[in-house]
Amino acid sequence: AQTVTQSQPEMSVQEAETVTLSCTYDTSESDYYLFWYKQPPSRQMILVIRQEAYKQQNATENRFSVNFQKAAKSFSLKISDSQLGDAAMYFCAYRSWGGSEKLVFGKGTKLTVNP
Amino acid sequence: GAGVSQSPSNKVTEKGKDVELRCDPISGHTALYWYRQRLGQGLEFLIYFQGNSAPDKSGLPSDRFSAERTGESVSTLTIQRTQQEDSAVYLCASSTSGRVPDTQYFGPGTRLTVL
């Protein structure tokens with residue numbers, strides 16, 4: 001079974017600075033998807049960014065980018081120019097290419113943005 | 001509707017009682033998922049519905065948990081004889097077809113407290 005590990009329970013960053021959240025995963029599959037979700041206090045999970053394992057190019061979405069290292073099974077999220085609205089829980093998630101459609105989540109990292 | 005909705009937002013019940021949680025997916029989405037989020041944890045997959053196919057119930061933790069879905073619309077998650085360890089936020093998500101690379105869109109969840 002696949003597992004996702006987020007080793008940083010909490011992180012903090014100064015407004016306008018850059019922060020990187022770590023995620024590692026374990027799988028025997030060669031094709032899969034990886035995601036970062038944001039969960040603000042409202043509880044609603046919001047997709048931040050996704051990466052297809054077959055793509056070598058790292059995904060980017062505005063201020064959010066990932067560093068995908070397939071051999072190392074590492075998938076970190078970089079937030080540039082941090083804003084107060086970025087404060088939330090961030091979850092890394094894995095999804096198989098075929099077969100099970102469920103998402104496998106890490107335990108999350110709580111990000112605090114200091115003004 | 002504009003997004004996935006869930007009701008009630010919060011539910012407090014006594015140990016041993018049955019509860020029903022409701023999820024209204026985004027209109028036109030054929031795939032629907034239930035996840036459980038215990039305090040300080042990531043999301044755990046419970047059950048997945050895709051169209052008229054048999055649901056994937058592999059994540060249900062015990063036979064006290066069951067879920068139904070009427071066609072491609074509303075789903076109800078039922079927990080019988082609730083226990084204190086059932087206290088959690090129950091999140092519902094929907095996607096267009098359930099096949100990658102669909103994005104799962106989440107509702108705000110129902111916070112269940114079992115006294």
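From a predicted model like this one, the values you see are computed outputs, not experimental measurements. Chain identifiers are assigned alphabetically (A, B, ...) following the order of the sequence lines, protein sequences preceding nucleic acid strands; residue numbering begins at 1 within each chain.
- Other residues, nucleotides and ligands place more than 12 heavy atoms under 6.0 Å from the CG atom of Leu84(A).
- At a 4.5 Å heavy-atom cutoff, the contact between Thr110(B) and chain A is made by backbone atoms alone.
- Of the two parts of Gln37(B), only the side chain, counted from C-beta on, holds a non-hydrogen atom closer than 4.5 Å to a non-hydrogen atom of chain A.
- Looking at every heavy atom in both residues, Gln41(B) comes nearest to Phe91(A) through O-CE2, 3.8 Å.
- In the hydrophobic clustering of ILVMFWY residues, with side-chain heavy atoms under 4.5 Å counting as a link, Trp34(B) and Tyr105(B) come out apart.
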Could you go through the side-chain contact (heavy atoms from CB on, under 4.5 Å) check for Arg50(A) and Thr103(B) one step at a time? CA-CA 9 Å; Arg50(A) 57 184 283 166; Thr103(B) 295; 3.4 Å; yes
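- Here the side chains of Val89(B) and Arg43(A) are in contact, with some heavy-atom distance below 4.5 Å.
- Other residues, nucleotides and ligands place more than 12 heavy atoms under 6.0 Å from the CD atom of Glu85(B).
- Using a 4.5 Å cut-off between heavy atoms, Leu47(A) touches chain B through its side chain atoms alone.
- Hydrophobic clustering of Ile, Leu, Val, Met, Phe, Trp and Tyr side chains at less than 4.5 Å, counting indirect connections, unites Val66(A) with Val19(A).
- Of the two parts of Leu91(B), only the side chain, counted from C-beta on, holds a non-hydrogen atom closer than 4.5 Å to a non-hydrogen atom of chain A.
- Atom NZ of Lys102(A) is separated from atom CD of Gln104(B) by 12.0 Å, given to the nearest 0.5 angstrom.
- Looking at Gln39(A), the atoms closer than 4.5 Å to chain B (heavy atoms on both sides) all sit in the side chain, from C-beta outward.
- Two residues are said to be in side-chain contact when any heavy atoms from C-beta on lie closer than 4.5 Å; Leu43(B) and Tyr37(A) fail this criterion.
- In this structure, chain A has a heavy atom under 4.5 Å from the side chain of Tyr35(B), while its backbone stays farther away.
- Heavy-atom neighbours of Lys107(A) NZ from other residues, nucleotides or ligands within 6.0 Å: at or below the threshold of 12.
- Under a cut-off of 6.0 angstrom, the local environment of CD in Glu68(B) is sparse, with at most 12 non-hydrogen atoms contributed by other residues, nucleotides or ligands.
- In this structure, Tyr32(A) places its OH atom where more than 12 heavy-atom neighbours from other residues, nucleotides or ligands lie under 6.0 Å away.
- Environment of NZ in Lys70(A): crowded, with over 12 heavy atoms of neighbouring residues, nucleotides or ligands closer than 6.0 Å.
- When each of Ala93(B), Gly42(B), Gly109(B) is checked for heavy-atom pairs under 4.5 Å with chain A, Gly42(B) comes out on top.
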